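Read the numbers this way: they start at 1 and go in the same order the structure lists the ligands and their atoms. Worth saying up front: this structure is predicted, and the values here are computed from it rather than measured.
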Amino acid sequence: MTRYSRVIGTGGYLPDEIRTNEQISQIVDTSDSWIFERTGIKSRRIAGPEETASSMAEIAARQAIEAAGCSPDDIDLIIVATGTPDRVYPSTGCLLQQRLGIKNCVAFDIQAACSGSIFALSIADQYIKSGAARKVLVVGSELCSRIVDWTDRGTCILFGDGAGAVLLTASTEAGILSTHIHSDGEFEDLLYCPNPQVATKSNQEEAGYINMRGNEVFKVAVNTLGRIVDETLEANNMEQSDIDWLVPHQANTRIIAATAKKLKMSMDNVILTLENQGNTSSASVLLALNEGVRDGRIQRGQVVLLEAFGAGFTWGSALIKY
Ligand code: ACO
């Protein structure tokens with residue numbers, strides 16, 4: 001009998017502070033209309049000084065565990081996707097394990113920038129399908145506001161903070177139908193965030209902020225996400241019309257609209273959160289999935305396409321029968 005990974009609970013957390021485009025236009029030379037027209041973003045959430053990737057992850061994770069009707073002790077693997085870990089080590093996964101009070105499980109982090117949650121789902125799916133794990137908690141948690149240069153109008157307008165979570169279980173009922181992940185390290189210079197404490201001679205002057213050549217990233221993202229749609233449909237022998245919902249990484253409405261067009265899908269079937277959240281990197285797909293599930297748009301039995309693109313470059317998709 002086929003063994004699937006099935007979504008049994010979702011969760012999300014957004015910090016209280018709302019930072020609007022108007023507020024950002026008082027810091028850098030920009031405007032609400034420029035930001036909204038070019039990106040679809042109106043505001044984003046900013047974490048408080050005491051918040052960390054693991055504290056936000058805990059809130060999202062507890063919601064997902066409760067929605068699944070499980071207890072933390074049922075979990076045998078935790079995978080946290082983050083580019084803003086609390087510490088270099090222990091991993092944010094281990095810190096989350098400690099916060100959840102779980103004694104017997106494996107926990108680790110993965111780093112795939114904005115594609116992190118898709119990479120984590122793919123790894124979780126392999127563990128479940130192989131029988132190595134039964135209940136896996138996948139979390140994406142990001143403090144993008146702490147690695148953004150608030151004097152760089154090309155990046156500070158885009159990012160926000162938050163955490164999304166999903167609890168997967170082994171099941172004979174269909175769940176994750178396939179995952180597809182890719183990397184191409186050749187594009188390092190188009191999008192990167194230095195780690196000044198582990199500097200080499202050539203980069204020791206750089207601050208630890210996101211550097212992005214936005215327009216070039218934009219073009220590669222649109223092309224690449226178009227290809228991942230084809231790859232996913234082909235692997236599952238499906239047509240565009242078989243997909244009920246698109247749950248995309250929330251980087252830019254124009255990138256998302258291009259993917260929806262490729263799927264011949266109305267924007268009504270796309271879960272969009274970026275207007276009030278911005279780009280929360282590896283948290284964004286799981287936050288959007290949580291929103292679509294909790295407000296009742298995504299129903300059991302429907303086919304949902306999750307996709308993301310990020311630094312690396314990394315990109316990927318997960319096709320789920322919810
Ligand atoms: N306000 C006003 N003007 C601005 C701003 C701003 N915030 N930012 C840039 N501009 C100006 C530029 O200086 C430029 O002016 P010029 O023509 O006089 O030189 C002009 O606007 C056009 O700049 P572009 O960079 O070409 O603008 P574009 O339409 O490409 O929009 C954006 C920029 C929103 C960043 C877009 O390129 C984008 O969304 N890129 C993709 C981001 C992404 O998907 N990243 C991957 C995921 S993130 C991760 O993995 C961490």
### Query
Is there a protein heavy atom at a distance of less than 4.0 Å from atom 1 (N) of ligand 1?
yes
#### Entry: Non-hydrogen protein atom less than 4.0 angstrom from atom 30 (O) of ligand 1
yes
### Query
So, is Gly214 polar-close to ligand 1, with some N/O to N/O distance under 3.5 Å?
yes
#### Entry: Note, Glu206 side chain near Pro196 side chain (heavy atom, < 4.5 Å)
no
### Query
Under 3.5 Å, is there a donor-acceptor pair linking the side chains of Ser54 and Asp86?
yes
#### Entry: Polar contact flag for Ala311 and ligand 1 (N/O pairs, less than 3.5 Å)
yes
### Residue and atom name of the nearest protein heavy atom (relative to atom 32 (C) of ligand 1), distance in Å to one decimal
Asn252 ND2, 4.6 Å
### Message
Would Thr39 count as a polar contact of ligand 1, with the cut-off being nitrogen or oxygen pairs under 3.5 Å?
### Response
no
### Query
What's the verdict on side chain to side chain contact (heavy atoms under 4.5 Å, CB included) for Glu66 and Gln63, showing C-alpha distance, side-chain angles and the deciding distance?
CA-CA 5 Å; Glu66 194 187 331; Gln63 259 187 29; 5.8 Å; no
### Query
Would a search of protein heavy atoms around atom 7 (N) of ligand 1 find one under 4.0 Å away?
yes
### Query
Taking atom 5 (C) of ligand 1 as the point of reference, which of Tyr192, Trp34, Phe309 owns the nearest heavy atom?
Trp34
### Task
Give the numbers and elements of all ligand 1 atoms closer than 4.0 Å to a heavy atom of Arg254.
29 (O), 31 (O)
### Message
Determine whether Arg6 and Glu173 satisfy the following criterion, salt bridge (charged side-chain N to carboxylate O under 4.0 Å, His left out), listing intermediate values before the conclusion.
### Response
CA-CA 7 Å; Arg6 197 168 151 73; Glu173 263 184 88; 3.5 Å; yes
### Query
Where on Asn215 is there a heavy atom closer than 4.0 Å to ligand 1, on the side chain, on the backbone, on both, or on neither?
both
### Summary
For Gly310, the ligand 1 atoms with a heavy-atom partner under 4.0 Å come out as 50 (O)
### Query
Mind checking who shares a hydrophobic cluster with Ile65, ILVMFWY linked at side-chain heavy-atom distances under 4.5 Å?
Ile8, Ile75, Ile78, Val80, Leu96, Leu100, Ile102, Leu137, Val139, Leu167
### Message
With a 4.0 Å cut-off on heavy atoms, is Ala221 in contact with ligand 1?
### Response
no
### Query
Is the shortest heavy-atom distance from the side chain of Leu158 to the side chain of Met212 under 4.5 Å?
yes
### Task
Please identify which atoms of ligand 1 are closer than 4.0 Å to at least one heavy atom of Thr30.
1 (N), 2 (C), 6 (C), 7 (N)
### Query
Angle class for the Phe313/Phe187 ring planes (parallel below 30°, perpendicular above 60°, tilted otherwise)?
parallel
### Query
At the 4.0 Å heavy-atom cut-off, does Met212 count as touching ligand 1?
yes
### Message
So Thr84 and Ile147, do their side chains get closer than 4.5 Å, heavy atoms only?
### Response
yes
### Message
Just by distance, no angles: are the side chains of Ser122 and Asp125 close enough, under 3.5 Å, to form a donor-acceptor pair?
### Response
no
### Query
What atoms of ligand 1 come within less than 4.0 Å of a heavy atom belonging to Ile157?
7 (N)
#### Entry: Atoms of ligand 1, numbered as shown, that sit under 4.0 Å from any heavy atom of Cys114
47 (C), 48 (S), 49 (C), 50 (O), 51 (C)
### Query
Considering only the protein, which heavy-atom contact is closest to atom 28 (P) of ligand 1, and what is its distance?
Arg38 NH1, 3.5 Å
### Query
Are Arg300 and Tyr322 in a cation-pi setup, meaning NZ or CZ lies under 6.0 angstrom from the ring centre and within 45 degrees of the ring axis?
yes
## Note on the structure
Residue set satisfying side chain to side chain contact (heavy atoms under 4.5 Å, CB included) with Val229, at least two apart, ordered chain then number -> Leu233, Thr259, Lys262, Leu263, Leu305
### Query
So is Arg19 actually on top of Trp150's ring, under 6.0 Å and inside 45° of the axis?
yes
### Test item: protein heavy atom less than 4.0 Å from atom 51 (C) of ligand 1
yes
### Message
With nothing but distance in play, are any N or O atoms of Ser31 less than 3.5 Å from an N or O of ligand 1?
### Response
no
#### Entry: Enumerated ligand 1 atoms positioned under 4.0 Å from heavy atoms of Val217
43 (C), 45 (N), 46 (C)
### Query
Hey, which atoms in ligand 1 end up nearer than 4.0 Å to a heavy atom of Ala251?
44 (O)
### Message
Under 4.0 Å, heavy-atom basis, I'd like to know which part of Ile35 is in contact with ligand 1: side chain, backbone, both or neither.
### Response
neither
### Query
Can you tell me if Thr232 and Ser317 form a side-chain donor-acceptor pair at under 3.5 Å?
yes
### Message
Taking 4.0 angstrom as the limit and counting only heavy atoms of Leu191, give me the atoms of ligand 1 inside it, by number and element.
### Response
46 (C), 48 (S), 49 (C), 50 (O)
### Query
Are Tyr4 and Ile128 side-chain neighbours, meaning at least one heavy-atom pair lies under 4.5 Å?
no
### Message
Using a 4.0 Å heavy-atom cut-off, which part of Ile210 comes near ligand 1: side chain, backbone, both, or neither?
### Response
neither
### Query
Should Glu231 and Arg227 be marked as a salt bridge (charged side-chain N to carboxylate O under 4.0 Å, His left out) after you check the CA-CA gap, both sets of side-chain angles, and the distance that decides it?
CA-CA 6 Å; Glu231 182 185 340; Arg227 289 205 310 275; over 6 Å; no
### Task
Please report which non-hydrogen protein atom sits nearest to atom 13 (O) of ligand 1, along with the residue it belongs to and the distance in Å to one decimal place.
Arg153 NH2, 2.9 Å
## Note on the structure
Any heavy atom of Asn279 under 4.0 Å from ligand 1? The part involved is side chain
